[in-house]
Amino acid sequence: MKTPRLASATISSTVAPARRASRALRAAVLGTALLFGTAAAEPPASPIRFNQQGFAVGEPVTVSLAFPRTVSWSLRDERGRVVASGKATPRPDAGAGDSVATVRIAAALPAGRYALTAGGVTSRPITITSRPFQPLFRDAMSFFYQQRAGTPILARYVQRPDLARVAGHPGERASCFAGTDMLGLAWPACDRRVDVSGGWYDAGDRGKYVVNAGLSVWTLLNAYERAQAHGTPDLMRDGVLALPEAGNGVPDLLDEARYEIAWMLRMQLPDGTHTAVLAPGRKATRTIDAGGLVHHKLGDIHWAKLPLRVEDDHDVRALYPPSTAATLNFAAVTAQAARIWRTIDPQFAATCLVAAKRAYAAALRHPDLIADDRFTGSGAYGDEQVADEFFWAASELAITTGDRDVIARVSGSALGRSGAGGTIGWADTGPLGAISMLTVPSHIPAATIATQRRAVIARADRLLADAAQQGYRFPATPGAMQWGSNGDVLSRAIILGTAYDLTRRGAYRTGVVDALDYVLGRNPLDRSYVTGYGARPMRNPHHRFWAHQLDPAFPSPPPGVLSGGPNNVAMTDPVATTMKGTCRPLTCWSDEAQAFTQNEVAINWNAPLVWVAAFVDRTRNLRTSGGAAR
Ligand code: 9MR
């Protein structure tokens, strides 16, 4: 199903882009409403699986054929002419529980609709267009607008009128959590009420969590910084997105990111503030001078039911104790923002830099404030290891300020010496520092940067080796898939994309496209995990407002939202519980609103979708080399 989206006309407009965008949107809205309103019957799963959004002109077409035996295949164009053909021999894929052959069709095909026939089955149409992921970039960005708290979501900026809503938690103020936590520890009240309005709701819940906020903001800002560095920023301009800020002369992606950064700034404790944190041993609380530290999160004190409109969401919300991880994550992102806004809004940049330095200094004073899983009503985002956050924060500060002491901390740290080429996630932030160093010129010594380059490329090589082990050829170690696995796949694509930008080696870019192919349909469920994209998209996310499945008075999701994805590790929701023992790592997923371990949506999963869509679009038609990585 092809959904009308934020009109491509807006990208070339130079006058009144916001108004144009809204007109174009209104035109698009009717068609989309019809499509979603009638909930067109879904075609059955096919054994011929591919990216349901399609492929770019001139690029390879990759198709996975899930047949138990060798099959001959042929690809035909609209006039029925065979444009490619071959034979494919499957191999068993334990993660999927099927046998699959993945075929790469290298012929540089012109735009059009194609169909592949294999084993007596003809595929649904395979489309080739010039920029298939440009609309995905816009819709994936719109997710962040629609997650905004503290401001009404206006019909003129969203894809359908039923997605509009009143402001959630407007002008919100909150105080520290007071009462007994799930582990029986009593927390004292505090006399402060803090303005914590704005920002993005995290996911299907309405918590706001600094570590996940920071990871998501960094990811968007890195997409921006890379586009600047590579001289192809056309999706990163003002007027590209449908936003209230479009037309203000500032790139829309930055406006969206700033909405979240403005909230993050409110989460930092003023100098001289005393607050309760866990004492060593975690059996008691103690009060510390917490100036410069950052609250770990703001959230409801009970889990809210589904569905629930923002105007009916009245649970008490609390500020939770500061953590070292949140403080460092905050320092990293505000340092990154300080360099980006230096020329755009020097005052905001200065505010960010002061906040970053205060946070970093506070984290050095309090390196052991660990957030764990002890409060109900919101997610834990607990992280016991903060060496990676220290490295990341120091890296961003070093890039932005050139400060010699901070540079020495980066170079002298364990990750500075070994290279931070590992996993990206809300608890794994080392690679973010490495990638920033490899994106933005700085005074960090060349030897330190070279170490990070080697680590990122070595990691990318391992990801390619992992993908080769997968029947569906996407970057994941064969075996378990955990909560948010689709976000993990796309986060690995960020490493691969960075390696491509460093080397121009085509295999790395293919790895990124493979990751995108996987989430858009080349997977064992023949499922597009992105709403509104493809013939068999996810429709029923775990979300308190986009809850049409649970109550038809609530809207379906907008297009461009990524499902968490298969999860065979934590099968704890009401739907997953019934699936235990019946599914494989790659098939433990269902399109059910109550399946929060499989089908929630979240800012840290949509952010890499934005990054990857922007990357694949930016690097289309680039000359690549097939040679060695270094
Ligand atoms: O993405 C998080 C995942 O890595 C954890 O395993 C899971 C359980 O702690 O929580 C996920 O994050 C959720 C958060 O705690 C609350 N908002 C929704 C997030 C996505 O499910």
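First listed ligand is number 1; within each ligand, the first listed atom is number 1.
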Legend entry - Contact check, side chains of Arg459 and Pro431, non-hydrogen atoms, under 4.5 Å: no

Inset, instruction - Would you check if Leu562 and Leu490 make a side-chain contact, meaning some heavy-atom pair closer than 4.5 Å? - result: yes

Legend entry - Amino acids contacting ligand 1, non-hydrogen cut-off under 4.0 Å: Asp202, Ala203, Asp205, Tyr209, Gly379, Tyr381, Trp426, Trp483, Glu600, Trp605

Inset, instruction - Look at Arg173 together with Asp195 and state whether they make a salt bridge at an N to O cut-off of under 4.0 Å. - result: no

Inset, instruction - Side-chain contact test, heavy atoms from C-beta onward, threshold under 4.5 Å: evaluate it for Leu163 versus Trp546 and give yes or no. - result: yes

Legend entry - Aromatic Tyr209 / basic Lys297 pairing, under 6.0 angstrom, 45° off normal: no

Inset, instruction - Compare all side-chain heavy atoms of Ser556 with those of Arg160 and state whether any distance is below 4.5 angstrom. - result: yes

